[in-house]
Amino acid sequence: METLQFRFGQGARSLAGIPQLVGVVGSGNLEVLIEPAPLDGACEIEVRTAAVGFGATWQAVMDDFHERWSLADARISINDNGATPAVVSLRLDQAVESLISPSTGGTP
């Protein structure tokens, strides 16, 4: 197992509602827990993955995610069991769409 940490500052979109869990940890899949958190406008992401050695790939996926959503005051926890980057992006988008505040725009 490998644990990766990402932090993006100065987000523009806030989350509304209670924590949400999307996806299922299973072969080739992952689960994403997303929740509002007081982080001074930042978004923190923790990834626990069974696929060791893919830090650069995770960084690219997280950079793309941040460019799409620019979340503020959000904490995301990912439990991965070998999901492809496309599946990771899909699950992240599903998680955000379940909590995005209508006043900040519901689409990327």
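What you see below is based on every heavy atom in this structure, not just the backbone, and it leaves out hydrogens, waters and symmetry mates.
- Minimum interatomic distance between V22 and R91 (heavy atoms only, all atoms of both residues): CG2-O, 3.5 Å.
- Here the straight-line distance linking atom CD of Q20 with atom CD1 of I18 works out to 5.5 Å at 0.5 Å rounding.
- Across I76 and C43, no two heavy atoms sit closer than the pair CD1-SG, 4.0 Å.
- Remark: of the listed residues E46, E44, H66, E44 is the sole one forming a side chain to side chain contact (heavy atoms under 4.5 Å, CB included) with R7.
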Test log, rule side chain to side chain contact (heavy atoms under 4.5 Å, CB included), inputs D63 and F6
CA-CA 9 Å; D63 289 346; F6 303 94; over 6 Å; no

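- Put simply, the side chain of L71 reaches to within 4.5 Å of the side chain of F65, judged on heavy atoms.
- Here the CD-CG distance, from Q10 to D40, works out to 9.5 Å after rounding to the nearest 0.5 Å.
- Paired with L30 under the rule side chain to side chain contact (heavy atoms under 4.5 Å, CB included), one option of N81, V25, I78 passes, and it is I78.
- Contact check for W58 versus V88: side-chain heavy atoms found under the 4.5 Å cut-off.
- Contact between L99 and P36 at its shortest, heavy atoms only, is CD1-CD, 4.2 Å.
- No chain of hydrophobic side-chain contacts below 4.5 Å, direct or via other Ile, Leu, Val, Met, Phe, Trp or Tyr residues, connects L90 to L33.
- The same ILVMFWY cluster, assembled from side-chain heavy atoms under 4.5 Å apart, contains both V47 and F54.
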Between W69 and D93, does the side-chain hydrogen bond (donor to acceptor under 3.5 Å, both in side chains) criterion hold? Intermediate values first, please.
CA-CA 9 Å; W69 289 105; D93 288 348; 2.7 Å; yes

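- The closest donor-acceptor contact from the side chain of S70 to the backbone of E67 lies at 3.5 Å or more, if one exists at all.
- Residue Q5 places its CD atom among more than 12 non-hydrogen atoms of other residues, nucleotides or ligands, all under 6.0 Å distant.
- Across G55 and L4, no two heavy atoms sit closer than the pair CA-CD1, 4.2 Å.
- Counting all heavy atoms, side chain and backbone alike, E2 lies closest to G53 at OE1-N, 2.8 Å.
- Cluster membership check: V87 shares its hydrophobic cluster with I34, using side-chain heavy-atom separations under 4.5 Å among Ile, Leu, Val, Met, Phe, Trp and Tyr.
- The shortest non-hydrogen separation linking P38 to D73 is C-OD1, 3.9 Å.
- Between atom CD of residue E31 and atom CG of residue N79 there is a gap of 4.5 Å, rounded to the nearest 0.5 Å.
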Walk me through whether S89 and V61 qualify under side chain to side chain contact (heavy atoms under 4.5 Å, CB included).
CA-CA 7 Å; S89 291; V61 171; 3.9 Å; yes

